[in-house]
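Note that this is a predicted model, so its numbers are computed, not measured.
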Amino acid sequence: MKLAPSILASDFARLGDELRAIESADWAHVDVMDGQFVPNISFGLPILAAARAASPLFMDVHLMIDRPERYLRDFADAGADGLTIHVESTAHVHRAVQQIRELGKKAGVTLNPGTPLEVLRPVLADVDLILIMSVNPGFGGQKFIPHSLERIRTVRRWLDEIGSAAELQVDGGVSATNARAVVAAGASNLVAGSAVFGRDGAQAGLERLREALK
């Protein structure tokens, strides 16, 4: 089980300190939003480059942007270790996955909660990660959509049927309250933002998640 705190919920004025506080995590999750594909703007290449310089953690970059293939090399050069794209954001999902692989990065695909899972089937065997969004993307701090558990179970079954070792990541509303249920449904990788970067600090937030998973 990998834990991937989302730096979207961190204090950007103290980004280096916040990254050091989560150094015991497995990955750092980097949410990039363009105000087009999702109704919010977060940050882009300079923040990723700063995070890369401040931390040795695996930089897990989630591109919530239109036509992400335009910027894959830029994000790879800025320090991404993995790049995850939305199936709804490009007409050429398979080509974009190939581009990510050619850049030497882990390739992930994801989809919005209202998008049928079947659209994942054509690329299921070609990716290193499937991300199930358990909220509608664009804003942090949302509540977990309960039906997401069934979507996780379905994709876990598909991955097992083809013998895939791809990570099954879940992002959105993950907390100490529901983490065990999410893992029981088949997730191998949990993204958490506000559940980690809380008032008592990221180290305490990570510990709560680990305790919940015991």
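- The two residues D66 and D34 have their closest heavy-atom pair at N-OD2, 2.8 Å.
- In terms of heavy atoms, L209 sits closest to A179 at CD2-CB, 4.2 Å.
- With rounding to the nearest 0.5 angstrom, the CD atom of E88 is 4.0 Å from the CG atom of N112.
- Contact of the T84 side chain with the V109 side chain is not registered, since no non-hydrogen atoms from C-beta on lie closer than 4.5 Å.
- Side chains of L111 and L120 form a contact here, defined as non-hydrogen atoms less than 4.5 Å apart.
- Other residues, nucleotides and ligands contribute at most 12 non-hydrogen atoms within 6.0 Å of the CZ atom of R73.
- For the residue pair Q98/D126, the side-chain donor-acceptor check at 3.5 Å is not satisfied.
- Under a hydrophobic-cluster definition in which Ile, Leu, Val, Met, Phe, Trp and Tyr are linked whenever side-chain heavy atoms come within less than 4.5 Å, directly or via other members, L83 and L129 are assigned to different clusters.
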Next on the checklist: For E211 and R208: C-alpha separation, side-chain torsions, deciding distance, then whether salt bridge (Lys or Arg N to Asp or Glu O under 4.0 Å) applies.
Outcome noted: CA-CA 5 Å; E211 285 296 320; R208 275 192 297 273; over 6 Å; no
Checklist entry - Would V93 and H86 satisfy side chain to side chain contact (heavy atoms under 4.5 Å, CB included), going step by step from the backbone distance to the final call? => result CA-CA 8 Å; V93 176; H86 278 256; over 6 Å; no
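- No chain of hydrophobic side-chain contacts below 4.5 Å, direct or via other Ile, Leu, Val, Met, Phe, Trp or Tyr residues, connects V135 to V38.
- Using modelled atom types, no side-chain atom of D171 and backbone atom of M133 make a donor-acceptor pair closer than 3.5 Å.
- Counting non-hydrogen atoms of other residues, nucleotides and ligands closer than 6.0 Å to NZ of K106 gives a total of 12 or fewer.
- Cluster annotation: V97 is connected to F37 through the hydrophobic network of ILVMFWY side chains, with a link wherever side-chain heavy atoms come within less than 4.5 Å.
- A distance of 6.5 Å separates CG in D26 from NZ in K2, rounded to the nearest 0.5 Å.
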Next on the checklist: Determine whether I130 and V127 satisfy the following criterion, side chain to side chain contact (heavy atoms under 4.5 Å, CB included), listing intermediate values before the conclusion.
Outcome noted: CA-CA 7 Å; I130 298 289; V127 298; 3.7 Å; yes
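- In this structure, Q169 CD and I132 CD1 are separated by 10.0 Å, a value rounded to the nearest 0.5 Å.
- No side-chain heavy atom of E23 sits less than 4.5 Å from a side-chain heavy atom of P56.
- Smallest separation of non-hydrogen atoms from P113 and P137: CD-CD, 4.1 Å.
- A salt bridge links D17 with R20: the closest approach of a Lys/Arg side-chain nitrogen to an acidic carboxylate oxygen falls below 4.0 angstrom.
- Between E118 and R121 there is a salt bridge, since at least one side-chain N of the basic residue sits less than 4.0 Å from a carboxylate O of the acidic one.
- Crowding of F144 atom CZ: a count of heavy atoms from other residues, nucleotides or ligands under 6.0 Å exceeding 12.
- Using a 4.0 Å cut-off between charged side-chain N and carboxylate O, D128 and K105 make no salt bridge.
- When side chains are defined from C-beta on, E18 does not count as touching I7, because their heavy atoms never get closer than 4.5 Å.
- F58 and I85 fall into different hydrophobic clusters, where Ile, Leu, Val, Met, Phe, Trp and Tyr are joined by side-chain heavy atoms under 4.5 Å apart, directly or via other members.
- With a 6.0 Å radius and a threshold of 12 heavy atoms from other residues, nucleotides or ligands, R67 has its CZ atom at or below the threshold.
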Next on the checklist: F197 vs D11, test: side chain to side chain contact (heavy atoms under 4.5 Å, CB included). Steps then yes/no.
Outcome noted: CA-CA 8 Å; F197 293 100; D11 179 354; over 6 Å; no
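- Of all heavy-atom pairs spanning L168 and V155, the tightest one is CD1-CG1, 3.8 Å.
- Residue Q203 qualifies as open at atom CD: its count of foreign heavy atoms under 6.0 Å is 12 or below.
- Counting heavy atoms from C-beta outward, V170 and S148 have side chains that stay 4.5 Å or more apart.
- Using a 4.5 Å cut-off on side-chain heavy atoms (C-beta onward), W27 and L57 make no contact.
- S6 and D31 are linked by a side-chain donor-acceptor pair at a separation below 3.5 angstrom, with hydrogens and angles left out of the test.
- A heavy-atom distance below 4.5 Å is found between the side chains of L213 and L190.
- Side-chain contact of R151 with T115: a donor-acceptor pair under 3.5 Å is absent, judged by distance alone.
- To the nearest 0.5 Å, the span separating CG on L63 from OH on Y71 amounts to 11.0 Å.
- Within the model, atoms OG of S134 and CG of L149 stand 8.5 Å from one another, a figure rounded to the nearest 0.5 Å.
- Note on ring orientation: taking the six-membered ring where Trp is involved, the planes of F43 and F12 are perpendicular (angle over 60°, cut-offs 30° and 60°).
- A195 and S175 make their closest contact through CB-CA, 3.9 Å (heavy atoms, listed as atom of the first residue, atom of the second, distance).
- In this structure, CZ in R199 is found 12.0 Å from OG in S194, a value given to the nearest 0.5 Å.
- Taking the side chain as every heavy atom from C-beta outward, L131 and H62 approach each other to under 4.5 Å.
- Placement of V61 and I41 in two distinct hydrophobic clusters is found when ILVMFWY residues are connected by side-chain heavy-atom separations under 4.5 Å, directly or transitively.
- With hydrogens and angles disregarded, no donor-acceptor distance shorter than 3.5 Å links the side chain of S55 to the backbone of A51.
- Contact detail for R52 and A78: the closest heavy-atom pair is CB-O, 3.8 Å.
- By the neighbour-count criterion of 12 heavy atoms within 6.0 Å, atom CZ of R153 is densely surrounded, having more than that number from other residues, nucleotides or ligands.
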Next on the checklist: Under the criterion side chain to side chain contact (heavy atoms under 4.5 Å, CB included), I'd like the reasoning laid out for E69 against R95: C-alpha separation, chi angles, the key distance, then a yes or no.
Outcome noted: CA-CA 9 Å; E69 60 271 23; R95 183 187 300 168; over 6 Å; no
